[in-house]
Amino acid sequence: ETLLDYTLSRLGINSDRLQHAVLMTEGVCTPNFARGRMSEVLFECYGAPKVAYAIDALLAYEYNAFAADLAGASSLTSPWTGSAASGLIVRVGHASSHVMPVIDGRVVLE
């Protein structure tokens, strides 16, 4: 809670309730109880209207693949087409590292 208080104050959000949805990034295989605890804090303490969770490495992969497709002037129908259809995500962190293959636009997490 203290970390969220500090982050929100640094962002200039000083109201009692959050007015916008919150996107929280997380590592691969984060346990459900951790999401539940974070959701509980965001909903009960900060009044967040919506909370979404996403794997940080997948967000970066999608953003970079979409930017590469824009530079190549290919189809803009989906960010998971063109250069993003197949690839390899390598995430190296302080406590863990993950390698995630992307095959035909789908991440294989098994």
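What you see is a predicted model, and the numbers here were worked out from it, not measured in a lab.
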Determine whether [X] and [Y] make a side-chain contact, defined as any pair of heavy atoms from C-beta on separated by less than 4.5 Å.
{"X": "Leu88", "Y": "Met100", "answer": "no"}
{"X": "Ile55", "Y": "Val107", "answer": "no"}
{"X": "Leu59", "Y": "Leu23", "answer": "yes"}
{"X": "Met24", "Y": "Val22", "answer": "yes"}
{"X": "His20", "Y": "Pro49", "answer": "no"}
{"X": "Val92", "Y": "Ser97", "answer": "yes"}

CA sep, side-chain torsions, deciding dist, call: Thr30, Tyr53, side chain to side chain donor-acceptor pair (under 3.5 Å)
CA-CA 10 Å; Thr30 300; Tyr53 294 90; over 6 Å; no

Establish whether [X] and [Y] are linked, either directly or via other cluster members, by ILVMFWY side-chain heavy-atom contacts under 4.5 Å.
{"X": "Leu11", "Y": "Val51", "result": "yes"}
{"X": "Leu18", "Y": "Val41", "result": "yes"}
{"X": "Ile103", "Y": "Ile89", "result": "no"}
{"X": "Val90", "Y": "Tyr63", "result": "no"}

May I have all residue pairs that pass salt bridge (Lys or Arg N to Asp or Glu O under 4.0 Å) and include part of residues 14-32, sequence neighbours excluded?
Glu26-Arg35

Considering only residues two or more places apart or on different chains, which pairs with a residue in residues 38-53 satisfy salt bridge (Lys or Arg N to Asp or Glu O under 4.0 Å)?
none

What verdict does the side chain to side chain contact (heavy atoms under 4.5 Å, CB included) test give for Thr2 and Leu4, after you've listed the backbone C-alpha separation in whole Å, the side-chain angles of each residue and the deciding distance to 0.1 Å?
CA-CA 5 Å; Thr2 304; Leu4 284 172; over 6 Å; no

Examine the side chains of Tyr46 and Asp5 and answer whether a donor and an acceptor come within less than 3.5 Å of each other.
yes

Side chain to side chain donor-acceptor pair (under 3.5 Å) involving Thr25 - partner list, sequence neighbours excluded
none

With Asn14, which residues qualify under side chain to side chain donor-acceptor pair (under 3.5 Å), at least two apart?
none

Taking only residues two or more places apart in sequence or in another chain, which ones pass side-chain contact (heavy atoms from CB on, under 4.5 Å) with Leu3?
Thr7

Identify, with sequence neighbours excluded, every residue that meets side-chain contact (heavy atoms from CB on, under 4.5 Å) alongside Ser96.
Arg91, His98

